Amino acid sequence: THFTKKFKTSNARPSSLNGGTGKFQGDSFLVPGATVATLLMLGALHARRMYQDKKTEELRDKGVEFEFQPDVKASFLRLLPLRSISRCWGYLTSMEIPVWLRPHVYRAWGRAFHSNLEEAALSLDKYASLKDFFVRTLKEGSRPIDADPQCLVSPVDGTVLRFGELNGAGAMIEQVKGFSYSVFSLLGASPSLPTTTDDNVQEEHSGSITTTEKSKKSWWRVSLASPKVWDPTLSRPQRGLFYCVVYLKPGDYHRVHSPADWNILVRRHFSGRLYPLNERATRTIRNLYIENERVVLEGLWQEGFMALAAIGATNIGSIELFIEPELQTNKPRKLLHSEPPEERVYECEGVGRMLKKGDELAAFNMG
Amino acid sequence: STVVLVFQAPISKEFNGGDSSQEFKFCVKPGDRIRYGEALGRWHSS
């Protein structure tokens with residue numbers, strides 16, 4: 001109605017800019033027209049993405065597993081200055097929004113990305129920028145921490161993509177069916193990464209024992225299984241190496257918490273690329289998780305080794321560590337990049353960084 | 001953004017009559033939504 005009225009007014013009162021000829025009326029209509037067209041295009045793209053997400057979820061529910069399939073769009077992404085785009089996005093989203101507009105912008109964000117705004121710790125008009133809103137804290141009690149001492153809790157809100165057990169030093173994590181990456185490449189060369197299970201270690205130590213001797217030992221164990229000769233090490237649980245991959249959607253709460261009582265000994269920062277990390281990207285980009293910028297925290301918990309890799313993406317490129325606020329990620333960089341990871345050993349400064357289960361650890365920031 | 005967690009956890013015992021009560025088991029499945037503080041996996045002493 002506004003545009004129609006404006007158009008009619010323009011017709012009734014030809015602009016004096018063109019000597020009253022009325023030629024300017026078309027131009028004055030073009031600007032709001034272009035804005036409307038852009039908004040419509042963005043709306044259409046968003047609707048298309050939501051439709052595709054829904055279809056993907058339906059297929060996943062039916063048990064269809066997607067296979068790795070590189071395509072032209074993925075190759076094209078390599079040519080884009082994703083780091084600059086990410087930093088520019090960060091700059092735009094850090095701009096202060098007028099107080100009256102804040103609730104509208106954040107509610108629109110919440111509707112688009114299915115965020116639960118009721119959980120936000122502050123009222124919506126208190127978040128000065130979209131960036132501040134994105135890393136909002138939650139109301140106390142929103143996330144009860146599972147108190148079972150024999151459980152490991154999720155460090156983030158998100159969608160579980162994959163999990164499983166790893167075997168040996170060359171252990172591979174499946175990115176998507178048909179493509180895997182090595183856990184060593186993800187975490188970096190780590191001397192504390194267990195390369196074998198306890199079971200394998202025992203087998204390696206007894207490598208020279210013949211099969212006959214092994215069977216004799218088994219017999220002795222069976223025949224002498226009394227409290228007097230019982231060896232506690234035999235019934236002690238052995239340990240394996242596991243992994244779990246959790247994806248955070250744009251509407252999710254974006255802070256990272258400690259999954260257990262954890263003593264963090266080392267931090268590594270890999271300054272890599274900033275590809276998107278959505279479902280499509282995991283299917284089409286090789287080595288997505290080991291090419292992207294990430295922060296790896298490594299340490300010990302009650303059952304042994306534990307490492308957490310927080311991987312950045314184009315829109316959420318920087319990772320803020322609350323245990324090391326001076327760490328800067330998503331920095332501008334040279335075109336050629338083959339830098340080794342930057343490492344900091346917390347252990348040298350004492351006993352490492354002790355965290356309790358559920359303690360706040362890091363946050364993913366926009367840009 | 002994505003988080004990958006790599007950790008050691010108990011696996012099944014061999015010398016306890018096949019009892020795997022101390023084995024770490026994930027209590028989620030791929031595609032599940034999870035919130036921080038919720039259990040990813042558990043193990044229990046017999």
Side-chain angles (χ1 to χ4, degrees), chain A residues 57 60-61 143-146 148 150-163 165-166 173 183 186-187 193-194 197 199 221 234-235 237-248 253-257 259 277 289 301 303-313 316 358 364, chain B:
Chain A
E57 270 182 35
R60 191 177 282 133
D61 289 345
R143 299 281 185 278
I145 308 294
D146 195 312
D148 183 353
Q150 291 186 317
C151 91
L152 188 70
V153 300
S154 173
V156 288
D157 280 17
T159 307
V160 177
L161 295 186
R162 285 179 185 272
F163 58 79
E165 195 176 346
L166 297 164
I173 297 177
V183 69
L186 176 77
L187 304 179
L193 181 68
T197 61
D199 190 28
R221 261 182 216 130
L234 295 177
S235 61
Q238 293 152 6
R239 288 171 298 175
L241 191 63
F242 296 84
Y243 75 93
C244 183
V245 185
V246 185
Y247 170 64
L248 290 79
Y253 167 73
H254 264 74
R255 290 183 179 233
V256 185
H257 295 250
L277 286 176
Y289 299 129
W301 73 306
E303 297 301 327
F305 176 86
M306 179 183 278
L308 184 147
I311 307 164
I316 301 140
F364 287 103
Chain B
S1 35
T2 298
V3 162
V4 183
L5 195 63
V6 179
F7 55 95
Q8 275 189 302
I11 53 173
S12 58
K13 289 183 292 182
E14 283 190 9
F15 309 115
N16 197 16
D19 178 13
S20 61
S21 58
Q22 288 194 334
E23 187 176 7
F24 178 84
K25 280 179 182 158
F26 284 97
C27 41
V28 287
K29 53 183 194 301
D32 277 0
R33 295 273 307 140
I34 193 162
R35 306 203 296 179
Y36 98 76
E38 289 176 356
L40 266 181
R42 296 176 194 279
W43 71 103
H44 288 289
S45 302
S46 49

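Just so it is clear: chains get the letters A, B, ... in the order the sequence lines come, proteins before strands, and each one is counted from 1. Values reported hereafter were calculated over all heavy atoms of this structure, with side chains retained and with hydrogens, waters and symmetry mates removed. What you see is a predicted model, and the numbers here were worked out from it, not measured in a lab.
In this structure A:S154 satisfies the side chain to side chain contact (heavy atoms under 4.5 Å, CB included) test together with A:V156, B:I34, B:L40, sequence neighbours excluded. For A:Y289, the ring pair (Phe, Tyr, Trp, His ring centres under 6.0 Å) criterion is met by A:Y181, not counting sequence neighbours.
Heavy atoms only, all atoms of each residue included: A:F242 and B:I11 are closest at CZ-CG2, 3.7 Å. Scanning all heavy atoms of the two residues, the minimum distance from B:P10 to A:E303 falls at CG-OE1, 3.6 Å. The shortest heavy-atom contact between A:C151 and B:W43 is N-CZ3, 3.7 Å. Taking all atoms of both residues into account, the shortest heavy-atom contact from B:G37 to A:V153 is O-CG1, 3.4 Å. In this structure, B:F24 and A:L152 approach most closely via the heavy-atom pair CE1-CB, 4.2 Å. Scanning both residues, A:Y243 and B:F26, for their nearest heavy atoms gives O-CZ, 3.4 Å.
Looking at A:L308, the atoms closer than 4.5 Å to chain B (heavy atoms on both sides) sit in the backbone and in the side chain alike. For a residue to count as touching a neighbouring chain, one of its non-hydrogen atoms must lie under 4.5 Å from one of that chain's; by this rule A:F305 touches chain B with backbone and side chain alike. When heavy atoms are compared at a cutoff of 4.5 Å, A:P155 approaches chain B by way of both its backbone and its side chain.
With A:W301 contributing its side chain and B:Q8 its backbone, the two residues share a donor-acceptor pair below 3.5 Å.
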- Message: Set out, in order, the CA-CA distance, both residues' side-chain angles and the distance that settles side chain to side chain contact (heavy atoms under 4.5 Å, CB included) for A:V246 and B:Y36, then state yes or no.
- Response: CA-CA 11 Å; A:V246 185; B:Y36 98 76; over 6 Å; no
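Interface summary for chain B: among A:V256, A:L248, A:I145, the most heavy-atom pairs under 4.5 angstrom belong to A:L248. Looking only at heavy-atom pairs under 4.5 Å with chain B, the residue among A:D148, A:L186, A:L161 that has the most is A:D148. No other option in A:D146, A:I316, A:I173 has as many heavy-atom pairs under 4.5 Å with chain B as A:D146. Put simply, of A:R143, A:R162, A:M306, the one with the most heavy-atom pairs under 4.5 Å next to chain B is A:R143. Among A:A313, A:A307, A:G304, the residue with the largest count of heavy-atom pairs under 4.5 Å with chain B is A:A307.
A side chain to side chain contact (heavy atoms under 4.5 Å, CB included) with A:V245 is found for exactly one of B:V4, B:V3, B:L5, namely B:V4.
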